[in-house]
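All ligand and atom numbering here is 1-based and tracks the order in the structure. Each residue takes its place number in the sequence, starting with 1.
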Amino acid sequence: MTGSICGTGSYIPHYAMDNNAVADLVETSDEWIRERTGVIRRHIITEETTTSMAAEAGRRALEDAGLPAEEIDLILVATISSDALLPCTACEVQKTLGAVNATCFDLGGAACTGFVLAYNTAEAYLASGVYKTALIIGSESLSALTNWKDRGTCILFGDGAGAAVLKASEQRRYLPVTHSEGAKGEALVCKSRYDSNGLTKKCNECIPEEKYFIRMDGQAVFKFAVRKVPEVIEEVLEKNSLSKEDIDLYILHQANKRIVEAVAKRLGEPMEKFPVNVQEYGNTSSASIPILLDELNGAGKLKPGQKLLLAGFGAGLTWGASVLGTAET
Ligand code: UT7
């Protein structure tokens, strides 16, 4: 038993912010951003929220799967930018969609590896027979965590949501490989906005505001990604007795076009097997893989019987790769 994807959906905020608009805020240029990241524009929330985007992406995925909301047993939302601590985003999605029979929880803090971990979690539930259907979502309003005065980060990130519906199936099960290295976590941090208890700890006033935004040692994260992602891809292939030739598409977290290119080069695989859409959305953390999946699905590029390899990497530091087969019917 495993969990097979039988529907996808996404939601992209209406407001598209191009590189020139970013260059109005910090000292940078359209040319620099394109060359160093591949990003041309990103979409930024206006009236949307992390919850509303998650719910709409989820609704579209259910529609694509042809499944009524009441038939969903599990809703997982991967996000580092939830609108509230309580209730969790997954419960809010349940309420909006009327998925009254679902168990719901968020995977917070897993950041850019979040969707891969959500897939692994849901797949394990389905494979073990606990649940039969799952809705997994990555949704991010990174614009709220971005320091729009820091050119090292604000050029990169964007907002959006993507979702996939999984159904228990008799297809072959592939085991994932995941890693974490907390000792290197300083490379990508964002302090909690709730670090005072109002009783024994002083309130936030003494802490510089910048700490509440994402801070990143871009070069360190870049080097980590181009080394560890090819390694974990090789590991997951070996674990499942697969070769690179068996993989039809590598769906990588869209952090930076140069990272995807470097991974393809290290693996000796053609770029045609590595779809890229960072140019349109920027880096949307946990949402980037399901947005890409939905784009490929919408374009008719996901065919029955394909093997897809998902790979995520980011804050923690965390990284991992999973193989899944597309539905065979
Ligand atoms: O989502 C998962 C986690 N995140 C990532 O995977 C992101 C990984 N890192 C990156 O994508 C890249 O490191 C960045 C896009 C963030 C930065 O690109 P880079 O090629 O690593 O730039 P850099 O920090 O090495 O800076 C190169 C030069 C420096 O100038 P000098 O010292 O060579 O004169 C910087 O001061 O570019 C300068 N620079 C900029 N110039 C114009 C840095 N940021 C900018 C900028 N605009 N926005």
Where's the contact between N283 and ligand 1, heavy-atom distance under 4.0 Å: side chain, backbone, both or neither?
side chain

For residues R36 and I33, determine if any side-chain heavy atom of one lies less than 4.5 Å from a side-chain heavy atom of the other.
no

How about atom 29 (C) of ligand 1: does it have a protein heavy atom within less than 4.0 Å?
no

So which heavy atom in the protein is nearest atom 25 (O) of ligand 1, and how far is it from that ligand atom?
Q219 NE2, 2.5 Å

Under 4.0 Å from any heavy atom of R36, which atoms of ligand 1 are there?
20 (O), 22 (O), 27 (C)

May I ask you to identify, for I259, whether its side chain, its backbone, both or neither come under 4.0 Å of ligand 1 on a heavy-atom basis?
side chain

Using a distance threshold of 4.0 Å (strictly less than), state whether atom 33 (O) of ligand 1 has a protein heavy-atom neighbour.
no

Within 4.0 Å of some non-hydrogen atom of L156, the atoms of ligand 1 are 7 (C)

Verify the neighbour count for atom NZ of K265: are there more than 12 heavy atoms of other residues, nucleotides or ligands below 6.0 Å?
no

Relative to the heavy atoms of G152, which atoms of ligand 1 are at a distance of less than 4.0 Å?
16 (C)

Donor-acceptor side-chain pairing of Y250 and E269 below 3.5 angstrom
yes

Report the member of Q254, M216, R258 with the shortest heavy-atom distance to atom 19 (P) of ligand 1.
R258

N/O separation below 3.5 Å, G218 to ligand 1:
yes

Do you see a protein non-hydrogen atom under 4.0 Å from atom 4 (N) of ligand 1?
yes

Report yes or no: do H179 and E231 form a side-chain donor-acceptor pair below 3.5 Å?
no

Greater than 12 external heavy atoms within 6.0 Å of E31's CD
no

Proximity winner for atom 12 (C) of ligand 1, if only heavy atoms of I214, V22, N256 are counted
N256

Can you check atom 9 (N) of ligand 1: any protein non-hydrogen atom closer than 4.0 Å?
yes

V323 vs L242, test: side-chain contact (heavy atoms from CB on, under 4.5 Å). Steps then yes/no.
CA-CA 10 Å; V323 177; L242 293 169; 3.9 Å; yes

When you measure from atom 38 (C) of ligand 1 to every protein heavy atom, which one gives the shortest distance, and what is it?
R151 NH2, 3.8 Å

If you measure from each non-hydrogen atom of L188 to ligand 1, which part falls under 4.0 Å: side chain, backbone, both or neither?
side chain

Is K132 atom NZ crowded by more than 12 heavy atoms from other residues, nucleotides or ligands, each under 6.0 Å away?
no

Give every residue pair that meets the ring pair (Phe, Tyr, Trp, His ring centres under 6.0 Å) criterion with at least one member in residues 87-129, sequence neighbours excluded.
Y125-Y131

For atom 22 (O) of ligand 1, tell me which residue out of F313, F222, W32 has the closest non-hydrogen atom.
W32

Checking S288 side chain against N283 main chain: does a donor-acceptor pair fall under 3.5 Å?
no

Using a strict 4.0 Å cut-off to heavy atoms of T28, name the atoms of ligand 1 that fall inside it.
42 (C), 46 (C), 47 (N), 48 (N)

Nearest protein heavy-atom contact for atom 2 (C) of ligand 1: which residue, which atom, what distance?
C112 SG, 3.4 Å

Under the ring pair (Phe, Tyr, Trp, His ring centres under 6.0 Å) test, residues paired with F157 that sit two or more places apart
none

Considering only heavy atoms of I155, which atoms of ligand 1 have at least one such atom less than 4.0 Å away?
48 (N)

Side chains of S141 and S81 only: does a donor on one sit below 3.5 Å from an acceptor on the other?
no

T37-ligand 1 polar pair, N/O distance under 3.5 Å
no

Hey, is K239 close enough to E235 for a salt bridge, meaning N to O under 4.0 Å?
no

For T2 and E123: C-alpha separation, side-chain torsions, deciding distance, then whether side-chain hydrogen bond (donor to acceptor under 3.5 Å, both in side chains) applies.
CA-CA 6 Å; T2 186; E123 195 275 342; 2.6 Å; yes

Is atom 42 (C) of ligand 1 less than 4.0 angstrom from at least one protein heavy atom?
yes

